[in-house]
K.L.:
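Can you keep this structure in mind? I'll have questions shortly.
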Amino acid sequence: MKYKSMISMMHRLVESCGKYKSRIRASYVTGFFKGMFMKAPLMLCFFMVSGFMAGNMTTKTCLLYGLALLVFVALQAVLQNASDRLQSAAGFMVFADKRMELGDHFRKLSMGYFTDGNIGKVSSVLSTDMNFIEENCMGVLEMLVSFMISQLMMVAFMFYLDWRLGLAACVVVLVFLILGRLMMGNTLRHSVQKQECAQSLTSAVLEFAEGIGIIKTYNMMGEKSKELTGQFEKSCEDSISFEKDYSPWSAALLLTYGIGSTIILFLAAWLMKKGVISNVYMVGMILFLFDTFIGIKSYYSQIARLTVTNACLDRIESVFDEAEMESQGTDQLPPESQVARAADGKALPEISYENVTFSYGGASSKSPLGNDERSDERNALKDISFDVEKGQMLALVGPSGGGKSTIANLLARFWDVKEGSIKIRGKDIREVPVANLMDNISMVFQRVYLFQDTIFNNIAMGKTDATREEVIDVAKKARCYDFIMQLPQGFDTVIGEGGASLSGGEQQRISIARCMLKDAPIVILDEATASVDADNEHFIQEAISELCRGKTLIVIAHRLNTIRNADKILVIKNGQIVESGNHKELMAKGGQYATMVNKQNS
């Protein structure tokens, strides 16, 4: 592993603070003066002892020395407070901003990043790495500066007493520097392993928690618990290994400190015996003995903390380095009310897929719409082309894994096409900001996710400035008003994470109300009634009818009787359009669509 010095790691941490780094650097100034004032009381004691031994101390002089001691102690307290305000407070502000930046960065990543086993890494970076740095490291930068200043002052004082003492002190400091360099490589390696282990443990806990229902259903608690326990044991072993490897280095620091102090003491005693230094200087030497190398010892005692910080920064930066989907376009989609026209004056379709080819690049991915899509090195979609006119209903049907959900996902830019283009009202969706694109699209997922918040806020996600009257109105249209009012606090009822306290049909109707409130002109619908009971299906169908009125609709159909009135039906198989037409036309052909309909009706 490439060697990094303590100073370079401190510099890296400061540079990562962005607009707050000037505050951190300002704390170096306070650290500099605090380091001076830390040793000032000892120096005053030296001069006081010198005065007493020379017999020239007076009451006035004693009072002045006492007052000076109080001033130095008070100044240390003031400077410590200033340092805390400058760096510790800045640390929390830095990572509050970092979390917001990371959220914005996640918004611009393809969905593939979140389905490629990175959830544990994301959670670990947010909950472990950032917390470690802001709570354990931001407050030590000024301390490290003060340790360095203190050590320089002590070496300078040794030279003041005698040049041979100064040289001896320099030799001991050099030994500390060599020892610190050797420590650095060891702790850097273990710090990386420690943080990677934390990520693996987080992933294991999340997987266990998310799959607890399946685990219980198949009576796998013992097996899965063993896997989780194994991760806990590995984390424990890695932590113990880290401490075991660090302990000898820590002991070496203490040993060097003790031997160095002893050498200085014996050298001072020898110099006094030879008459080179006076008794007064010997007393001063004794006063300063145990502080002679405390600065550099304390400095290198922070190696473990800084190397873990370095590993945390590596992981944080690796997430920020993930390539964002291109969103440099400044074009805006034409307003829904405006008819988009080509150069020849011909009206353009609302949605147009032109020779779209796409592959997931070998990553195993799960569709955000709730369907698994096979994704390997082969193309998931091959040369897909079709148009959807404004207000039309397009249905996508076909076998599982054929590419239906992929077509819908690409329209919402969960991924970007590899070849070809997708246009809305004549504009390539890659040339418009993602925010503008999503303002024009609503999606009803088969697997609904509701947040642990009030029902009102879950619905109001569709329009953050919505009034209570607007939320109530869409709740009535989505056929969820009645069951909401039966809850203890009505719209102010807090539901469990993922909507756990509601039935599947109730969750689905709330998600439809959310889409209604957004009122986007294009609706992507993964048939919401595919996994609900008959009673809920009736209410959901009514809610969907309200949602889709006057909209351009793309439906991923599972129950073919629900799409008989679609303006266009595409049969998707192996990433290609194998049939196209309306229900009547496709039934007349007697092809795959007709076979699927007859099979469902039999």
K.L.:
Name the atoms and distances for all side-chain donor-acceptor pairs under 3.5 Å in residues 41-49, with sequence neighbours left out.
P.N.:
none

K.L.:
Answer yes or no: is there a side-chain heavy-atom contact under 4.5 Å between Leu63 and Thr59?
P.N.:
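A side-chain contact exists here, since the closest heavy-atom pair is under 4.5 Å.
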K.L.:
Does Phe456 CZ have over 12 foreign heavy atoms under 6.0 Å away?
P.N.:
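Count over threshold, so yes.
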K.L.:
Would you call Val73 and Leu69 a side-chain contact if the rule is heavy atoms closer than 4.5 Å?
P.N.:
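Val73 does not reach Leu69 side chain to side chain.
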K.L.:
Starting at CE of Met93, measure out to CZ of Arg23 and round the result to the nearest 0.5 Å.
P.N.:
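Rounded to the nearest 0.5 Å, the CE-CZ separation comes to 3.5 Å.
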K.L.:
Name all residues meeting the side chain to side chain donor-acceptor pair (under 3.5 Å) criterion together with Gln76; count only those two or more places apart in sequence or in a different chain, and write none if there are none.
P.N.:
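Not a single residue meets the side chain to side chain donor-acceptor pair (under 3.5 Å) criterion with Gln76.
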K.L.:
For a 4.5 angstrom cut-off between non-hydrogen side-chain atoms, does Arg99 reach Phe95?
P.N.:
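With C-beta onward as the side chain, the pair touches.
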K.L.:
To the nearest 0.5 Å, tell me how far Lys518 NZ sits from Asp439 CG.
P.N.:
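One finds 6.5 Å between NZ of Lys518 and CG of Asp439.
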K.L.:
Please check if the number of heavy atoms outside Phe92 that lie under 6.0 Å from its CZ is greater than 12.
P.N.:
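For Phe92, atom CZ is crowded (more than 12 foreign heavy atoms under 6.0 Å).
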K.L.:
Leu102 versus Met130: any side-chain heavy-atom pair under 4.5 Å?
P.N.:
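The answer is yes; the side chains approach within 4.5 Å.
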K.L.:
Can you tell which of Ile303, Asn310, Leu144 makes a side chain to side chain contact (heavy atoms under 4.5 Å, CB included) with Met9?
P.N.:
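Single pass found, and it is Asn310.
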K.L.:
If you round to the nearest 0.5 Å, how far is CG of Leu165 from CH2 of Trp270?
P.N.:
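If I round to the nearest 0.5 Å, the distance is 10.5 Å.
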K.L.:
For Thr454, is there any backbone N or O sitting under 3.5 Å from a side-chain donor or acceptor partner on Asn458?
P.N.:
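Checking the backbone N and O of Thr454 against the side chain of Asn458, a donor-acceptor pair under 3.5 Å is found.
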K.L.:
Nearest 0.5 Å, what's the NZ-OG1 distance between Lys297 and Thr256?
P.N.:
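Between Lys297 NZ and Thr256 OG1, I get 11.0 Å after rounding to 0.5 Å.
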K.L.:
Roughly how far, to the nearest 0.5 Å, is CD1 of Ile296 from CG of Leu179?
P.N.:
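The CG atom of Leu179 sits 9.5 Å away from the CD1 atom of Ile296.
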K.L.:
For ring pair (Phe, Tyr, Trp, His ring centres under 6.0 Å), just list the numbers for Phe293 and Tyr257, CA-CA rounded to whole Å, side-chain angles, deciding distance to a tenth of an Å, and then say yes or no.
P.N.:
CA-CA 6 Å; Phe293 303 112; Tyr257 168 75; 7.2 Å; no
K.L.:
If we only count heavy atoms from C-beta on, is the Val319 to Phe106 side-chain gap below 4.5 Å?
P.N.:
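Contact flag for Val319/Phe106 side chains = yes.
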K.L.:
Just jot down the side chain to side chain contact (heavy atoms under 4.5 Å, CB included) partners of Cys62, sequence neighbours excluded, or say none.
P.N.:
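Checked Cys62 against side chain to side chain contact (heavy atoms under 4.5 Å, CB included); matches are Phe52, Met57.
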K.L.:
Do the side chain of Glu134 and the main chain of Asp129 share a donor and acceptor less than 3.5 angstrom apart?
P.N.:
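No, because the side chain of Glu134 does not come within donor-acceptor range (under 3.5 Å) of the backbone of Asp129.
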K.L.:
Rounded to the nearest 0.5 Å, what's the gap from CZ on Arg12 to CG on Leu306? Could you check?
P.N.:
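With rounding to 0.5 Å, CZ (Arg12) is 11.5 Å from CG (Leu306).
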